[in-house]
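The figures here come from the full heavy-atom set of this structure, side chains too, leaving out hydrogens, waters and symmetry mates. All of these numbers come straight from a predicted model, not from anything done at the bench. Numbering of residues begins at 1 and proceeds along the displayed sequence.
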Amino acid sequence: FVKRVTVRAWALAIWPRLFVRRVRGRPSQDRCYVFEGSRGAFALARLSAWVLGVPVSRARMPLSEIRDAHGHVPWWNVFYQALGEVQTDMVQDPVFQEAMKGRAEGRLPLYLAKALIRIDLADRDVLWRLLLWVQGCAWWVKHQEPSGAVAELFIEARPWFQIIARHVARLQSTAVEVPAPCHPWAWARRLLSPERKAWLRHVHAHWAPRKVVGRLVQSLRAGRRPAHEAPGPGGPRIAVAYFGHLNLPAPARYSDLFFWQQSSLRGSDVMLCFQLSGDPLDERKWTQLREQGIGAVALTPQATTLASPAHLHGPRFRPTRHAPARRLPRPSTPETAWLHERAAHYEMVRRFWADLCAARGVAIYVTWFKYDESHCAIADAVEQTGGLTAMYQRSYQWAPSVSTTTAADLFFGFSRQEAETERQSGSVIPYYVVTGYLGDHRFPLLREEARRVRETLQRHGARHILAFADENTRVDTDWYEGHEVMQRQYAFLLEKVVREPWFGLVIKPKVPSTLRTRLGPVAELLRRGEATGRCYLYTDGVLHGSTPPAAAALAADVMVHGDLHAATAGIESALAGVPTLLLARQGWPTGALCNGLSPGRVIFSDWEALWESSVEHWTRPHGVPGL
């Protein structure tokens, strides 16, 4: 199995290995499967392997369709077991331990440990993708090849390769190291320090033609409207990370400032930190913030469309002579080079936030995002300037995982059970405050809207209403559930709407802005469903939907959450008092969420069984017991 074929890797490592096997008289039963790579490299591989009598073919491995003996997809094992095992081996490696000797102050060790298993959906070389592919290859050998077949996995060189090879060996396979691609630009970038890279990105973003034109247009308009005014100077502030939900005048919707909406805090006590290029600080948002006296800062030039004065921008990244990376051993191996670079990046982020906290009087930094290593450096920066970091739970976490390890001074979580999950995940949280579900204050605010939606569907003939919350899909079907999965689910429900005049449907997509595109040909069926007047779709939200799942649930008789792996929407719907069913197409492991929930009553593995049980429940005088 070749994860990614390149001319360099094939010529220097893979073909010579096949040639030696052939010369030594090994049985010519080898088959070579290539999963990624350019057409040219694949053509070279096929031609040169044909000379040796080895067939080479492209292969796909839709991981969402692979199941183990328990019916689980590989994601369960990777995110809740394998990733932690490999991370533990890497952290206990003598190279890592030697680098950390005498440098364990602050959260740098945890920062590096999380960087090892970074969960980045856009990066094709992250560890979790590799481990998923390894799991898939092991399944392939067991189910697609003759009995006794042995797998060799050709994997590009990377730090701690030997540890990855040991993990592969535990799955009765062999990992073979091949040269990584040699890209001139990547080689040049490795010569630059993280500070220089950040500075170049800043210059490029600041002087991009779109930014220059925007500043020119806004400067011409400046005489016709008030200039952007900085919030007044004052005492300590709460800096809040912005993740796409403002909704200041709509407390029933998701808001990154939901706690401020319910509090006696003044707007001047709060500063919103913009960091998303997909949902930047613009004129509309800035107007809302100014009306409440709330401050704002764009952490990168891409995070704002305003030709804004200096007070709307964070400090610039600046070089220093005293970065921890300078105190780490100079790079001599791939592992020490990786540690050197990541430690330098930690120091850059820490200094940036220390400057920001000092300049803006930040005493508390608030966020929910714990899924990468950056919050560790930010927490150290806030602590350095005399403040603290507070995090709150946004999603239900049914099992411990190193991908969710957290380092914060203060954490607001749903339950004692969740606190124990954090402890088992390796989180470092001195103060954990159990709050209950942090979205339940929205339930009474949503009831009137839900009543209007329900009555609209009933006026068009709906006697029984089902609500559905999806979990989004992606194009890359080899690593995620593809759009075809979503299309089949929506086609099933929308056909029921069109055919059954008594059936009503309320749809709560996770990402409504892209739903019609992802549905493809099924979008026409959605249009027909809406035309009946018995199908309602929540559409608000830029990056993710702004409407809470409880809004859809309260308008329906039954709520269905379409993904057990991310169960927050189902949890919220049940807490709102609505009968809630969980669809577990990927299987379900034992755990706190599933214990005591009956298959065929609460948890279903397919839509057909769920539909039949729902119809039976609606037609029986007293319903189906336990549904």
Side-chain angles (χ1 to χ4, degrees), residues 60 62-67 71 73 453 456-457 460-539 541 544-545 547 549 552-553 555-567 569-570 573 580-587 600 603-618:
R60 290 185 63 253
L63 292 163
S64 62
E65 300 174 12
I66 294 175
R67 297 291 191 275
V73 293
V453 171
T456 299
L457 272 59
H460 289 85
R463 298 195 307 274
H464 301 292
I465 301 172
L466 182 145
F468 173 55
D470 72 38
E471 272 298 324
N472 197 22
T473 50
R474 298 175 68 88
V475 176
D476 194 351
T477 56
D478 283 347
W479 303 99
Y480 315 95
E481 287 203 327
H483 298 336
E484 298 83 2
V485 175
M486 187 69 66
Q487 290 167 10
R488 289 195 296 269
Q489 295 190 70
Y490 273 99
F492 180 91
L493 288 171
L494 292 168
E495 285 172 357
K496 301 296 183 185
V497 173
V498 173
R499 293 177 183 176
E500 306 291 351
W502 53 266
F503 178 59
L505 178 65
V506 181
I507 300 173
K508 166 60 182 74
K510 186 167 187 175
V511 185
S513 60
T514 63
L515 177 63
R516 296 181 192 275
T517 301
R518 290 183 286 117
L519 287 181
V522 181
E524 171 59 22
L525 196 56
L526 173 60
R527 186 196 64 77
R528 290 171 57 194
E530 290 178 307
T532 67
R534 290 178 284 103
C535 177
Y536 185 87
L537 171 66
Y538 284 97
T539 60
H544 290 120
T547 303
D557 303 308
V558 173
M559 176 66 164
V560 177
H561 187 196
D563 195 330
L564 183 58
H565 182 263
S573 302
T580 302
L581 307 179
L582 302 175
L583 196 62
R585 293 168 295 102
Q586 303 163 0
I603 303 178
F604 294 83
S605 58
D606 61 83
W607 272 107
E608 287 77 11
L610 187 150
W611 175 258
E612 291 174 3
S613 293
S614 298
V615 172
E616 182 184 1
H617 184 70
W618 289 327

*Output all residues satisfying side-chain contact (heavy atoms from CB on, under 4.5 Å) with Ala531, sequence neighbours left out; order by chain, then residue number.*
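Result, side-chain contact (heavy atoms from CB on, under 4.5 Å) vs Ala531: none returned.
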
*Taking only residues two or more places apart in sequence or in another chain, which ones pass side-chain contact (heavy atoms from CB on, under 4.5 Å) with Ala553?*
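Checked Ala553 against side-chain contact (heavy atoms from CB on, under 4.5 Å); matches are Met559, Ser573, Val578.
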
I'd like to check the side chain to side chain donor-acceptor pair (under 3.5 Å) partners of [X]; sequence neighbours left out, ordered by chain and number.
| X | result |
| --- | --- |
| Lys510 | Glu471 |
| Trp611 | none |
| Thr539 | none |

For [X] and [Y], work out which heavy atoms get closest and say how close.
| X | Y | result |
| --- | --- | --- |
| Pro509 | Leu537 | CG-CD1, 3.5 Å |
| Leu457 | Cys535 | CG-N, 4.4 Å |
| Ala552 | Lys508 | CB-CB, 3.8 Å |

To the nearest 0.5 Å, what is the distance between [atom1] on [X] and [atom2] on [Y]?
| X | Y | atom1 | atom2 | answer |
| --- | --- | --- | --- | --- |
| Ile603 | Leu610 | CD1 | CG | 11.5 Å |
| Ser614 | Phe604 | OG | CZ | 6.5 Å |
| Trp607 | Phe468 | CH2 | CZ | 5.0 Å |
| Tyr490 | Ile507 | OH | CD1 | 5.5 Å |

*asked:* For residues 504-524, which residue pairs pass the ring-ring contact (aromatic ring centres under 6.0 Å, His included) check, not counting sequence neighbours?
replied: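 Counting only pairs at least two positions apart or across chains, no ring-ring contact (aromatic ring centres under 6.0 Å, His included) contact touches residues 504-524.
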
*Which residue pairs pass the ring-ring contact (aromatic ring centres under 6.0 Å, His included) test when at least one of the two sits in residues 517-539, sequence neighbours left out?*
Tyr536-Tyr538

*salt bridge (Lys or Arg N to Asp or Glu O under 4.0 Å): which pairs involve residues 494-503, sequence neighbours left out?*
none

Residues 516-527, side-chain donor-acceptor partners within the protein, below 3.5 Å, at least two apart:
from   : atom 1 : to     : atom 2 : distance (Å)
Arg516 : NH1    : Glu530 : OE1    : 3.4
Arg516 : NH2    : Glu530 : OE1    : 3.2
Arg516 : NH2    : Glu530 : OE2    : 3.2
Arg518 : NE     : Asn472 : OD1    : 3.3
Arg518 : NE     : Thr514 : OG1    : 2.9
Arg518 : NH1    : Asn472 : OD1    : 3.4
Arg518 : NH1    : Thr473 : OG1    : 3.4
Arg518 : NH2    : Val511 : O      : 3.0
Glu524 : OE1    : Arg527 : NE     : 3.1
Glu524 : OE2    : Arg527 : NE     : 3.2
Glu524 : OE2    : Arg527 : NH2    : 2.6

*Short side-chain to backbone donor-acceptor contact, Arg534 and Gly461, under 3.5 Å*: no

*Donor-acceptor pair, Asp557 side chain versus Ile465 backbone, under 3.5 Å?*
yes

*asked:* If the test is side-chain contact (heavy atoms from CB on, under 4.5 Å), which one of Leu583, Leu494, Asp470, Val560 qualifies with Gln489?
replied: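 Only one of Leu583, Leu494, Asp470, Val560 forms a side-chain contact (heavy atoms from CB on, under 4.5 Å) with Gln489, namely Leu583.
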
*Which residues satisfy the salt bridge (Lys or Arg N to Asp or Glu O under 4.0 Å) test with Glu616, sequence neighbours excluded?*
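Glu616 satisfies salt bridge (Lys or Arg N to Asp or Glu O under 4.0 Å) with Arg620 only.
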
*Given side chains that start at C-beta, do those of Ser613 and Leu581 come closer than 4.5 Å, heavy atoms only?*
no

*Which residues pass the ring-ring contact (aromatic ring centres under 6.0 Å, His included) test with His464, sequence neighbours left out?*
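Checked His464 against ring-ring contact (aromatic ring centres under 6.0 Å, His included); matches are Trp502, Trp618.
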
